[in-house]
2 protein chains.
Amino acid sequence: MATRTAAQQRVDAKLRYDAYVAECPTRHLLDRISDKWTSLLINALAEQPRRFGELSRRVAGISQKMLTQTLRNLERDGLVSRTVTPAVPVRVEYALTPLGLDLLPVMQAIKAWAEANMEEVLAARADYDSANGS
Amino acid sequence: MATRTAAQQRVDAKLRYDAYVAECPTRHLLDRISDKWTSLLINALAEQPRRFGELSRRVAGISQKMLTQTLRNLERDGLVSRTVTPAVPVRVEYALTPLGLDLLPVMQAIKAWAEANMEEVLAARADYDSANGS
DNA sequence: CAGTATCCCTCATGATACTG
DNA sequence: CAGTATCATGAGGGATACTG
């Protein structure tokens, strides 16, 4: 039944999935990729494939638990690959998959937007807080 | 000291703020704009300015509490404007600010990506789950 | 209509300790 | 090194009821 092109399939998907609908599985996916650790990790892995320890240093402040958990989720969702090299000690390397690479531009954009507009937001908050109570 | 152009200021901001650093305020901003309700609300407000009740219907499943809370945060951050028209009953309309409009493309992209790639992710999960235990 | 105010509870996340 | 396991906490978020 390979009569649908990739482009047609994408159109179909857009019709089938609508994140405005509460029961849509897209909600969960949106939740996952809208995670702060996800955006930081995808960005960090885009710089270069990295080992567990490297990642925890690059993404400062992430706990071992959240790093493991987020990486597992990303691996399960097909965004990140996990390669184990048997050795002593064992070497585990994480990298973006093609699907992860496809998501990358969005993750880069969101991180870049936050960094670029931090001061404007800070100013808006100051305005809001002085206009309203405290 | 208005010797810096807008472009230069953006470059400065990128140097000053780095979301990889744990203490960077960007982390909080990233968290906020990486919220599932935020992306849905920004998208909904881009379609047209909307009233409270319209929003709660458009973004199905959101509770009154989360809607209020998220709107307040977005207003405080300067992404959304809130206009009250005195009348009986009172009319309150929410709309995107220029800053919110600036963020819109990113919010559209993330929602669109989730909807477009849902099936690939679902397939990846099925693979992962059958490869590993259950 | 557009909220605010409470109660309540689950789950996300961090801290700590242990392991192949 | 690259995790897993366990415990503890508090914030996120839903349900319900009330108000200008």
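To find a chain, count down the sequence lines: A is the first, B the second, and so on, and within it residues start at 1.
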**Request:** Please report the closest heavy-atom contact between A:Thr26 and A:Ala19, naming both atoms and the distance.
**Result:** CG2-CB, 4.0 Å
**Prompt:** Minimum heavy-atom separation for B:Tyr17 to B:Pro25, with atom names?
**Reply:** CE2-CG, 3.7 Å
**Message:** With a 3.5 Å distance limit and no angle check, can you tell me whether B:Thr38 reaches the backbone of B:Ser34 through a side-chain donor-acceptor pair?
**Reply:** no
**Request:** List in numerical order all residues of residues 24-40 of chain A for which some heavy atom is under 4.0 Å away from an atom belonging to DNA chain D.
**Result:** none
**Message:** Is the shortest side-chain heavy-atom distance between B:Arg32 and B:Asp35 below 4.5 Å?
**Reply:** no
**Prompt:** Is B:Ile33 reachable from A:Leu122 through a run of hydrophobic residues whose side-chain heavy atoms are each under 4.5 Å from the next?
**Reply:** yes
**Message:** To the nearest 10°, give me the bend of the helix from C:dC1-D:dG20 to C:dG20-D:dC1, comparing the axes of its five terminal pairs at either end.
**Reply:** 50°
**Close residues, residues 54-71 of chain A, relative to DNA chain D [heavy-atom separation under 4.0 Å]** = A:Gln64, A:Lys65, A:Thr68
**Item:** Nearest heavy atoms of B:Val106 and A:Ala109, plus distance in Å
**Value:** CG2-CB, 4.1 Å
**Message:** When you compare the side chain of B:Lys111 with that of B:Ser39, does any pair of heavy atoms fall below 4.5 Å?
**Reply:** no
**Prompt:** Near DNA chain C, under 4.0 Å by heavy atom, which residues of residues 73-89 of chain A?
**Reply:** none
**Asked** With a 4.5 Å heavy-atom cut-off, do A:Met107 and A:Leu40 have their side chains touching?
**Response** no
**Asked** So which heavy atom on A:Ile42 is nearest to which on A:Gly100, and how close?
**Response** CG2-O, 4.4 Å
**Message:** Do A:Asn73 and A:Leu79 have side chains that approach each other closer than 4.5 Å (heavy atoms only, starting at C-beta)?
**Reply:** no
**Prompt:** Mind checking whether A:Leu74 and A:Thr70 have side chains closer than 4.5 Å, heavy atoms only?
**Reply:** yes
**Request:** Work out which heavy atom in B:Arg50 is nearest to a heavy atom in B:Leu45; give both atom names and the distance.
**Result:** N-CD2, 4.0 Å
**Prompt:** Do the side chains of B:Arg125 and A:Asp77 get nearer than 4.5 Å, heavy atoms only?
**Reply:** yes
**Item:** Nearest non-hydrogen partners of B:Arg27 and B:Tyr20, listed with the distance
**Value:** NH2-O, 3.2 Å
**Prompt:** From the 5' end of DNA chain C to its 3' end, which nucleotides mark the outer limits of contact with chain A, defined by a 4.0 Å heavy-atom distance cut-off (strictly under)?
**Reply:** C:dT13 to C:dA17
Let me have the donor-acceptor pairs involving side chains of residues 80-90 of chain B, under 3.5 Å, with sequence neighbours excluded, atom names and distances please.
unit_1: B:Ser81; atom_1: OG; unit_2: B:Ala95; atom_2: O; d: 3.4
unit_1: B:Arg82; atom_1: NE; unit_2: B:Tyr94; atom_2: OH; d: 3.2

